[in-house]
Amino acid sequence: MEETYDPGKVEPKWQAVWKEKNSNRTITQTAHKKFYCLEMFPYPSGKIHMGHVRNYAIGDVIARYKRMQGYDVLHPMGWDAFGMPAENAAIKHGVHPSQWTHENISYMKTQLNKLGLSYDWDREVTTCTPEYYRWNQWFFIKMLEKDLAYRKSSYVNWCPSCTTVLANEQVIDTQCWRCDSIVVQKELEQWFLRITRYAEELLAACDGLTGWPEKVVLMQKNWIGKSYGVEVDFRIDGMDESIRIFTTRQDTLFGATFLCLSPNHPLASRLVPDTAELETVTAHYGKADEKIGLFTGHYCINPMNNEKIPVYIANFVLMEYGTGAIMSVPAHDQRDFDFAKKYNLPIRTVIVPEQERSGSEPRSSELHEAYEDEGVLVGSGMFSGTESAEARRKIAEFIEEKKIGKKVVNYKLRDWGISRQRYWGTPIPVVYCNSCGIVPVPEKDLPVILPEDVTFTGTGGSPLLEAESFIKTTCPSCGGAARRETDTMDTFVDSSWYFIAYCFSNGDIDFSSLNGERHSELKHWMPVDQYIGGVEHAVLHLLYSRFFTRVVRDLGIIDYSEPFQNLLTQGMVIKDGAKMSKSKGNVVDPDYLIDKYGSDTSRLFSLFAAPPEKDLDWSDKGVEGAYRFLNRVWNLVCKNINEIKSADPAESGVINPLDIPEPGRSLLRKTHQTIKKVTTDIEREYHFNTAIAALMELVNQTVSFEPQDKKDWLVFRFAVENILRLLFPFTPHMTEELWSLVNGQKSLSEEAWPVWDEETAKMDEIELVIQVNGKLRGKLMIPRGLSDEEIKQTAMSDAKVLEAIGSKAIRKVIIVKGKLINLVIGE
RNA sequence: GCCGGAGUGGCGGAAUUGGCAGACGCAAGGGACUUAAAAUCCCUCGUCAGCAAUGGCGUACCGGUUCGAGUCCGGUCUCCGGCACCA
């Protein structure tokens with residue numbers, strides 16, 4: 001019976017058993033409590049990395065733990081399968097993106113199964129299949145109907161050599177990541193989703209995200225970026241035209257000494273007809289290095305004091321935020337200050353710190369930098385003497401009364417541009433007809449299939465531009481000749497609703513003909529109870545998903561607004577002080593690790609080395625330690641298997657602690673304490689590292705226990721059975737094998753999570769810590785339930801304590817029940 | 001610059017509500033077993049003083065509150081993350 005621990009034998013065996021028994025299938029019983037456990041699905045890049053192992057190990061422990069607790073668990077997995085790398089592989093190696101992607105998926109799926117992850121593969125989704133992406137198109141059509149999708153012209157990163165648009169992430173230091181050409185800004189017609197319609201709701205609901213890390217909620221809030229301010233019209237002198245500016249600092253309006261327009265502002269080209277001149281500023285638009293300005297020759301009138309101030313075009317003014325025009329108050333804004341210094345413009349102080357309020361004169365000459373803090377207004381007409389915050393309120397009122405502007409709320413959040421000039425993505429389902437214009441593809445004609453028969457050159461933009469049979473179509477409206485949209489969707493669209501797709505049984509996604517049963521499936525499983533993934537998605541993916549969930553809600557499909565009840569952002573896997581990455585050459589290959597130690601060891605180490613939300617420092621020696629521990633457990637069971645089996649299982653669960661002498665009694669107590677500790681550690685923010693540490697303590701104590709008689713063996717068996725149950729979610733294969741040796745037929749995956757008995761878990765005696773003036777002076781074992789006076793007398797009987805007290809008088813006695821006594825003595 | 005987070009042994013990390021600092025693991029040193037090695041087992045392991053019992057010091061730094069502070073408050077330093085010309 002004394003076999004050595006061989007994960008290479010044990011792990012495939014149990015993976016086959018689980019598959020055969022279909023242990024991981026989703027059971028939907030609406031009367032049961034449900035738990036939807038979801039890990040972020042991977043991009044099928046080729047192989048999984050340690051970050052995946054960590055992410056999925058965390059999710060698998062939670063899923064298995066919840067199943068043992070009697071929940072119906074939904075634990076699905078899928079593939080975020082559209083995207084650039086597949087297209088690059090096509091260009092580089094001549095393999096079709098579809099083939100490349102599906103081969104990767106197939107390999108990575110075997111890797112995930114080798115890790116023993118308990119996914120219900122019946123619900124697998126792959127976003128590059130027509131069955132999946134048709135719903136991207138369907139949602140897009142629905143959003144068009146609701147005016148949530150629209151087309152507009154905007155500036156994008158354009159590589160003139162590859163003739164394609166680049167995502168921001170693909171622009172490295174103003175150069176194209178592929179060909180190193182200088183990327184230029186180009187105005188293009190693009191499709192947008194109107195996420196800004198939900199800006200206020202998305203922001204307000206942030207406060208309800210109590211199951212999310214505060215940091216992530218804050219990042220979402222900052223990204224949405226709400227601010228309160230005013231818009232004010234400045235009339236252009238000598239023209240029947242005015243410029244509308246936005247500011248949050250209307251308290252500084254009297255300090256405006258010039259006005260700046262974005263080079264992309266519609267008025268810019270009218271005020272500066274010389275395009276060459278305007279181009280000198282435009283070329284530096286949005287670049288943080290230097291401030292470039294151009295005087296337009298025009299002036300406008302500050303409506304607060306009727307002052308004439310010059311109008312500039314300035315490269316640092318963003319067209320995308322506010323109105324694309326600002327008033328410049330160099331005394332109280334560092335950017336305006338820098339600009340004023342460069343172009344020799346006046347600087348006028350209108351806010352002074354509180355302590356300088358008494359009769360201060362404006363002191364523009366002294367300023368070395370802008371004073372951006374709050375203060376008291378000076379030189380501001382009827383508002384002088386008012387404190388900043390109060391002045392902002394009053395001036396906003398004044399502006400509205402005089403009808404020179406209005407109060408506004410602004411958001412940094414912009415509409416989501418989803419057009420990509422790439423092949424490997426969801427075709428945007430619209431056609432362009434010469435007579436009807438933009439026509440959506442009717443629902444019945446979906447999906448618009450991405451053609452497979454295209455050529456990849458890497459130049460000349462998307463291969464779809466050359467696919468005449470795809471492009472040429474007929475207008476659904478008039479039947480005339482029409483051209484298809486050749487842009488595809490941003491892949492973030494795919495991942496914005498995949499968690500809803502998993503709720504359909506058998507992977508049979510269908511939003512358009514929801515009957516009662518299908519509806520109730522969605523209702524039953526949504527929202528996700530626990531979502532787990534990397535913090536790098538803290539803004540985009542999570543925000544898009546929150547947006548999409550609301551759109552789906554407003555289509556009447558679900559009645560939840562928030563997709564993810566609880567969010568766990570796991571830390572990175574670090575080795576030698578840096579994130580594991582191919583370029584750093586510090587990767588550990590999961591395949592190698594599984595071959596050498598098995599997946600149980602790999603899982604255990606990645607869960608033990610750090611709490612999930614923190615970065616994990618990889619240590620090869622630490623992995624050895626995890627492997628050693630599993631060997632200890634293995635030997636603990638195998639070396640004692642006959643004695644364990646002969647202890648009656650019916651009795652071992654109901655041992656009366658009073659019948660057991662020490663040290664068996666102590667082991668029994670430890671077992672109950674460990675059940676409690678592991679359970680509460682998992683419940684408390686998934687602190688698996690301390691849960692595993694507690695199990696190691698129990699294993700150590702069990703190993704050193706030497707049973708003397710039958711009662712002792714009952715205690716031993718009880719400890720062993722609980723070690724296996726508690727360890728099962730972490731290392732399912734090894735514990736299944738040992739469980740089958742100890743307990744026969746029933747699989748551990750069908751067993752319940754153990755419960756502890758509070759009374760047995762309690763110590764007979766407590767250790768009393770004795771302090772004198774807060775310093776540790778002694779420890780004593782005392783019976784539970786002594787009175788305060790008895791505790792004091794006991795403490796005072798200790799020789800070391802008496803010595804520490806000496807002849808001094810006791811002034812005060814502080815007793816913490818069951819823990820500590822502090823004797824406070826005089827000097 | 002703004003907004004977060006974190007600083008605990010040689011290392012990863014524990015310490016649940018203000019109550020024994022360093023659980024558990026790794027590394028290191030010593031020993032047992034062995035012809036030998038691996039594996040395994042036992043002991044030591046914050047720091048200073050001491051043969052020892054024991055005592056002093058110690059959770060980035062300075063100060064405060066408290067009978068008592070890794071934990072709370074004020075200030076300083078360092079590191080990490082996010083955003084960044086958002087008017």
Side-chain angles (χ1 to χ4, degrees), chain A residues 4 213-219 221-223 225-227 229 245-250 252 260 262 285-291 314-318 320-329 332-336 338-339 372 410-414 535-536 538-539 571-572 574 604-605 608-611 613-626 628-629 631-632 635 677 680-681 683-685 687 689-697 699-700 703-704 767-779 800 811-825:
Chain A
T4 52
E214 274 176 55
K215 170 182 152 183
V216 175
V217 176
L218 214 77
M219 282 165 74
K221 282 184 178 173
N222 290 342
W223 190 265
K226 184 180 188 177
S227 58
I245 60 101
F246 169 72
T247 182
T248 56
R249 288 300 300 272
Q250 58 269 27
T252 64
C260 291
S262 167
Y285 175 66
K287 296 200 176 121
D289 42 11
E290 201 189 345
K291 292 189 170 45
N315 69 322
F316 68 92
V317 180
L318 303 174
E320 294 79 15
Y321 184 76
T323 60
I326 59 164
M327 64 161 183
S328 288
V329 186
H332 304 295
D333 183 290
Q334 192 56 40
R335 296 159 297 182
D336 297 344
D338 296 343
F339 193 87
E372 295 185 328
N410 238 314
Y411 300 91
K412 287 185 196 171
L413 183 70
R414 291 171 211 168
V535 73
E536 65 272 18
V539 179
M572 293 184 298
I574 305 284
L604 187 72
F605 174 73
F608 175 63
E613 72 281 3
K614 287 183 93 174
D615 285 351
L616 183 154
D617 222 8
W618 191 264
S619 147
D620 294 335
K621 293 290 186 182
V623 179
E624 301 255 7
R628 267 202 290 273
F629 170 68
N631 268 294
R632 276 165 70 78
N635 291 332
K677 170 89 175 138
T680 53
D681 279 354
E683 291 294 333
R684 184 172 58 97
E685 309 288 328
H687 279 185
N689 56 329
T690 50
I692 293 167
L695 275 161
M696 287 173 168
E697 286 187 48
V699 168
N700 289 344
V703 166
S704 46
E767 191 182 46
L768 179 71
V769 171
I770 307 165
Q771 297 181 336
V772 176
N773 278 1
K775 288 199 172 175
L776 179 70
R777 290 296 178 222
K779 291 178 194 179
K800 269 182 286 180
R811 291 193 316 191
K812 201 170 169 186
V813 178
I814 287 150
I815 291 174
V816 183
K817 273 269 174 282
K819 265 188 190 158
L820 168 144
I821 178 167
N822 187 12
L823 303 164
V824 184
I825 60 173

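Quick note: numbers below take in every heavy atom, side chains included, and nothing from hydrogens, waters or symmetry partners. Every chain is numbered from 1 and lettered A, B, ... according to where its sequence line falls, protein lines coming before strand lines.
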Problem set entry | Candidate nucleotides B:rG56, B:rC3, B:rA87, ranked by approach to the side chain of A:F246 - the nearest | B:rA87

Problem set entry | Residues forming a side chain to side chain donor-acceptor pair (under 3.5 Å) with A:N700, sequence neighbours excluded | A:R632

Exercise. Is A:K677 close to A:T690 at the side-chain level, that is, under 4.5 Å between some pair of heavy atoms?
Worked result: yes

Problem set entry | C1'-based separation of B:rC26 from B:rC62 [nearest Å] | 35 Å

Exercise. Under a 4.5 Å cut-off applied to non-hydrogen side-chain atoms, are A:I574 and A:L616 in contact?
Worked result: no

Seminar exercise, completed: A:K621 NZ to B:rA27 P, in whole Å, measures 6 Å

Problem set entry | 4.5 Å side-chain heavy-atom contact, A:V329 and A:T247 | no

Problem set entry | Backbone of A:A609 reached by a side-chain donor or acceptor of A:N689 within 3.5 Å | no

Exercise. Looking at residues at least two apart in the chain, or sitting in another chain, which of them share a side chain to side chain donor-acceptor pair (under 3.5 Å) with A:E697?
Worked result: A:K670

For this session: Identify, between A:A325 and A:K215, the residue whose nearest nucleotide on RNA chain B lies closer to the 5' end.
Result: A:K215

Problem set entry | A:F316 ring center near A:F339 ring center (under 6.0 Å) | yes

Problem set entry | Closest to the A:E697 side chain, choosing from B:rC3, B:rA23, B:rA87 | B:rA23

For this session: Would you mind classifying the nucleic acid contact of A:G322 as base, sugar-phosphate or nothing, using non-hydrogen atoms under 4.0 angstrom?
Result: nothing

Problem set entry | Runs of at least three consecutive pairs that involve RNA chain B, where pairs are Watson-Crick or G-U with distances under 3.5 Å | B:1-7 with B:77-83, B:10-12 with B:24-26, B:28-32 with B:40-44, B:46-49 with B:54-57, B:60-64 with B:72-76

Exercise. At under 4.0 Å between heavy atoms, what does A:K412 touch on the DNA or RNA strands: base, sugar-phosphate, or nothing?
Worked result: base

For this session: Let me know the distance between CD of A:Q334 and C1' of B:rA84, rounded to the nearest Å.
Result: 15 Å

Exercise. When all nucleic acid strands are considered with a 4.0 Å heavy-atom cut-off, which category describes A:R777: base, sugar-phosphate, or nothing?
Worked result: sugar-phosphate

Exercise. In whole Å, what is the span from the CZ atom of A:R811 to the P atom of B:rU66?
Worked result: 13 Å

Problem set entry | Between B:rC11 (C1') and A:I574 (CD1): distance, integer Å | 15 Å

For this session: For B:rG30 and B:rA39, measure between their P atoms and round to the nearest Å.
Result: 16 Å

Problem set entry | Expected output: side-chain A:D333 to main-chain A:S328 donor-acceptor under 3.5 Å | no

Output one line per pair: protein atom, nucleotide atom from nucleotides 39-49 of chain B, and distance, for all N/O pairs under 3.5 Å.
{"residue": "B:rC41", "atom": "OP1", "partner": "A:R632", "partner atom": "NH1", "Å": "2.6"}

For this session: Assign A:V329 to base, sugar-phosphate, or nothing according to its heavy-atom contacts below 4.0 angstrom with the strands shown.
Result: nothing

Exercise. Taking the P atom of each, how far is B:rC61 from B:rU78, in whole Å?
Worked result: 15 Å

For this session: Could you check if a side-chain atom of A:I814 sits within less than 4.5 angstrom of a side-chain atom of A:Q771, using non-hydrogen atoms only?
Result: no

Exercise. For B:rG13, is chi within 90° of 0 (syn) or not (anti)?
Worked result: anti

For this session: Look at all strands and tell whether A:N410 reaches a base, only sugar-phosphate, or nothing, counting heavy atoms closer than 4.0 Å.
Result: nothing

Exercise. Within the structure, does a side-chain N or O atom of A:N700 lie under 4.0 Å from either OP1 or OP2 of B:rG25?
Worked result: yes

For this session: Whole angstrom is fine here: how far is it from CE in A:M327 over to P in B:rA87?
Result: 12 Å

Exercise. Does a side-chain heavy-atom distance below 4.5 Å link A:K412 with A:E320?
Worked result: no

Exercise. If we take the C1' atom in both B:rC20 and B:rA27, what is their distance in whole Å?
Worked result: 27 Å

Distances under 3.5 Å between protein N/O atoms and the N/O atoms of nucleotides 12-22 of chain B, please, pair by pair.
{"residue": "B:rG12", "atom": "O2'", "partner": "A:A609", "partner atom": "O", "Å": "2.8"}
{"residue": "B:rG13", "atom": "O3'", "partner": "A:N689", "partner atom": "ND2", "Å": "3.4"}
{"residue": "B:rA14", "atom": "OP1", "partner": "A:N689", "partner atom": "ND2", "Å": "3.1"}
{"residue": "B:rA15", "atom": "OP1", "partner": "A:R684", "partner atom": "NH2", "Å": "3.4"}
{"residue": "B:rG19", "atom": "N2", "partner": "A:Q771", "partner atom": "OE1", "Å": "3.1"}
{"residue": "B:rG19", "atom": "N2", "partner": "A:N822", "partner atom": "ND2", "Å": "3.3"}
{"residue": "B:rC20", "atom": "O2", "partner": "A:K779", "partner atom": "NZ", "Å": "2.3"}
{"residue": "B:rC20", "atom": "N3", "partner": "A:E767", "partner atom": "OE1", "Å": "3.2"}
{"residue": "B:rC20", "atom": "N4", "partner": "A:E767", "partner atom": "OE1", "Å": "3.0"}

For this session: Using whole Å, report how far CD of A:E214 lies from C1' of B:rG4.
Result: 10 Å

Problem set entry | Euclidean distance, atom CD1 of residue A:I692 to atom C1' of B:rC26 [Å, nearest integer] | 15 Å

Exercise. For A:E624, what residues pass the side chain to side chain donor-acceptor pair (under 3.5 Å) criterion, not counting sequence neighbours?
Worked result: A:Y597

Exercise. Is there side-chain contact between A:R777 and A:L823, with heavy atoms separated by less than 4.5 Å?
Worked result: no

Problem set entry | Interatomic distance at P, B:rG46 relative to B:rA53, whole Å | 14 Å

Problem set entry | Pairwise P distance, B:rG1 and B:rG10 [rounded to whole Å] | 33 Å

Exercise. Checking A:N315 side chain against A:E290 main chain: does a donor-acceptor pair fall under 3.5 Å?
Worked result: yes

For this session: Report the residue (A:Y321 or A:M572) whose heavy-atom-nearest nucleotide on RNA chain B is the more 5′ of the two.
Result: A:M572

Exercise. Given the P atoms of B:rU17 and B:rG7, what is the spacing between them in whole Å?
Worked result: 16 Å

Exercise. Within the side chain of A:S262, is there an N or O that forms a donor-acceptor pair under 3.5 Å with the backbone of A:V317?
Worked result: yes

For this session: Calculate the interatomic distance between A:L218 atom CG and B:rG4 atom C1'; express it in whole Å.
Result: 6 Å

Problem set entry | Between B:rG58 and B:rA21 - C1' atom distance, rounded Å | 9 Å

